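Written out below as structure tokens is the structure these notes cover.
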Amino acid sequence: QVELVESGGGLVQRGGSLRLSCTASGRISSINALGWHRQAPGKQRELVADITRSGRTNYADSVKGRFTISRDNAKNTVYLQMNSLNPEDTAVYYCAAKSVSMFRPGVAYWGQGTQVTVSS
């Protein structure tokens with residue numbers, strides 16, 4: 001019903017910046033919040049940030065002040081601007097969408113992931 005496609009990952013140096021993009025297609029009306037999760041090797045997937053259709057944002061403590069999430073509802077796209085990157089930010093970053101339905105709690109749809117690597 002919904003497809004999420006990420007782009008913008010890559011290799012950056014410590015202290016560098018990167019911007020991720022995720023575009024949703026399909027049954028867009030079923031989506032409430034859009035966000036980003038990440039998973040580093042050997043670690044559990046964790047929430048990075050999310051944003052509702054009305055613009056409310058939520059960030060993990062580890063990225064507050066460095067990352068900024070935004071969305072363009074007209075383009076069905078969510079962005080993650082990442083500044084002051086450090087090697088601990090290295091992970092696969094996944095776009096995620098939550099459903100408007102009470103029968104679909106948590107993340108309803110996942111993107112395929114994009115690799116972010118921060119060198120020392």
Side-chain angles (χ1 to χ4, degrees):
Q1 294 274 16
V2 174
E3 183 179 22
L4 304 173
V5 180
E6 305 101 329
S7 64
L11 174 65
V12 297
Q13 297 180 0
R14 178 192 290 270
S17 298
L18 204 61
R19 189 176 78 154
L20 306 182
S21 299
C22 171
T23 298
S25 62
R27 199 169 184 176
I28 306 302
S29 61
S30 69
I31 295 175
N32 184 357
L34 287 168
W36 295 91
H37 297 238
R38 67 186 181 186
Q39 187 165 26
K43 297 180 65 177
Q44 187 173 338
R45 189 173 299 185
E46 63 177 353
L47 172 70
V48 177
D50 59 21
I51 182 169
T52 67
R53 187 176 295 274
S54 62
R56 297 193 208 94
T57 59
N58 182 50
Y59 296 92
D61 288 340
S62 61
V63 306
K64 286 182 179 178
R66 299 189 298 121
F67 292 8
T68 302
I69 190 169
S70 62
R71 66 188 289 173
D72 185 334
N73 290 329
K75 295 182 178 180
N76 303 126
T77 299
V78 62
Y79 306 93
L80 185 68
Q81 178 66 48
M82 304 184 293
N83 299 324
S84 301
L85 286 163
N86 59 65
E88 288 68 44
D89 296 314
T90 295
V92 177
Y93 284 69
Y94 296 91
C95 185
K98 293 182 177 180
S99 175
V100 299
S101 174
M102 66 176 67
F103 301 106
R104 299 292 301 278
V107 175
Y109 308 101
W110 293 98
Q112 83 285 352
T114 185
Q115 177 70 48
V116 172
T117 302
V118 185
S119 62
S120 300

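We count residues from 1, following the sequence as given. If you're wondering where the values come from, they're calculated on a predicted model, not measured in any experiment.
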Using the test side-chain contact (heavy atoms from CB on, under 4.5 Å), find all partners of [X] that sit at least two apart in sequence or belong to another chain.
X	value
Ser62	Arg38, Ala60
Val116	Leu18, Leu20, Met82, Tyr93, Val118
Ser25	Glu3
Ser29	Arg27

If I take atom [atom1] from residue [X] and atom [atom2] from residue [Y], how far apart are they, to the nearest 0.5 angstrom?
X	Y	atom1	atom2	value
Tyr109	Ile31	OH	CD1	7.0 Å
Leu4	Leu34	CG	CG	7.0 Å
Lys98	Thr52	NZ	OG1	10.5 Å
Leu11	Gln115	CG	CD	9.5 Å
Ile51	Ile69	CD1	CD1	5.5 Å
Asn32	Arg104	CG	CZ	13.0 Å

| query | For Phe103, what are the other residues in its hydrophobic cluster, where any two members join if their side-chain heavy atoms are less than 4.5 angstrom apart? | reply |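 Direct or chained contacts put Phe103 with Met102.
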| Co-members of the apolar cluster containing Tyr79 [side chain, <4.5 Å] |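 None; Tyr79 is a cluster of one.
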| message | Quick test of your reading: applying ring-ring contact (aromatic ring centres under 6.0 Å, His included), list the pairs with at least one residue in residues 29-68, sequence neighbours left out, ordered by first then second residue. | response |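 The answer is His37-Trp110.
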| field | Pair listing, ring-ring contact (aromatic ring centres under 6.0 Å, His included) test, anchored in residues 4-24, at least two apart | value |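 Passing the test, one end in residues 4-24: no pairs.
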| said: Using modelled atom types and a 3.5 Å cut-off, is there a donor and acceptor pairing between side-chain atoms of Glu6 and backbone atoms of Gln112? | reply: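 Side chain of Glu6 to backbone of Gln112, a donor-acceptor pair under 3.5 Å: yes, one is there.
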| message | Could you check whether atom CD of Gln1 has more than 12 heavy atoms from other residues, nucleotides or ligands sitting under 6.0 Å from it? | response |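 No, the 6.0 Å shell around CD holds no more than 12 heavy atoms from other groups.
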| said: If hydrophobic clusters are built by linking Ile, Leu, Val, Met, Phe, Trp and Tyr wherever their side-chain heavy atoms come under 4.5 Å apart, do Val92 and Val107 end up in the same one? | reply: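 They do share one cluster, since a chain of ILVMFWY contacts under 4.5 Å joins Val92 to Val107.
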| request: Provide the closest heavy-atom pair for Ala49 versus Leu80 in the form atom of the first, atom of the second, distance. | output: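 For Ala49 and Leu80, the tightest heavy-atom pair comes out as CB-CD1, 4.4 Å.
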| Taking every non-hydrogen atom, the tightest pair across Ser17 and Asn83 |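 Heavy-atom minimum between the residues: OG-OD1, 2.9 Å.
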| message | Can you list everything that forms a side chain to side chain donor-acceptor pair (under 3.5 Å) with Thr77? Sequence neighbours excluded, please. | response |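 Once residues adjacent in sequence are excluded, the partners of Thr77 under the side chain to side chain donor-acceptor pair (under 3.5 Å) criterion are Thr23.
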| request: Any pair with a residue in residues 71-84 that passes salt bridge (Lys or Arg N to Asp or Glu O under 4.0 Å), sequence neighbours left out, goes on the list, sorted by first then second residue, please. | output: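 The answer is none; no pair qualifies.
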| task | Decide yes or no on side-chain contact (heavy atoms from CB on, under 4.5 Å) for Gln13 and Leu85, but give the supporting numbers first. | result | CA-CA 8 Å; Gln13 297 180 0; Leu85 286 163; over 6 Å; no
| Which residue pairs pass the disulfide (SG to SG under 2.5 Å) test when at least one of the two sits in residues 35-85, sequence neighbours left out? |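 Residue pairs with at least one partner in residues 35-85: there are none.
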| said: Does anything in residues 78-120 form a disulfide (SG to SG under 2.5 Å)? List the pairs, not counting sequence neighbours. | reply: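 Matches after skipping sequence neighbours: Cys22-Cys95.
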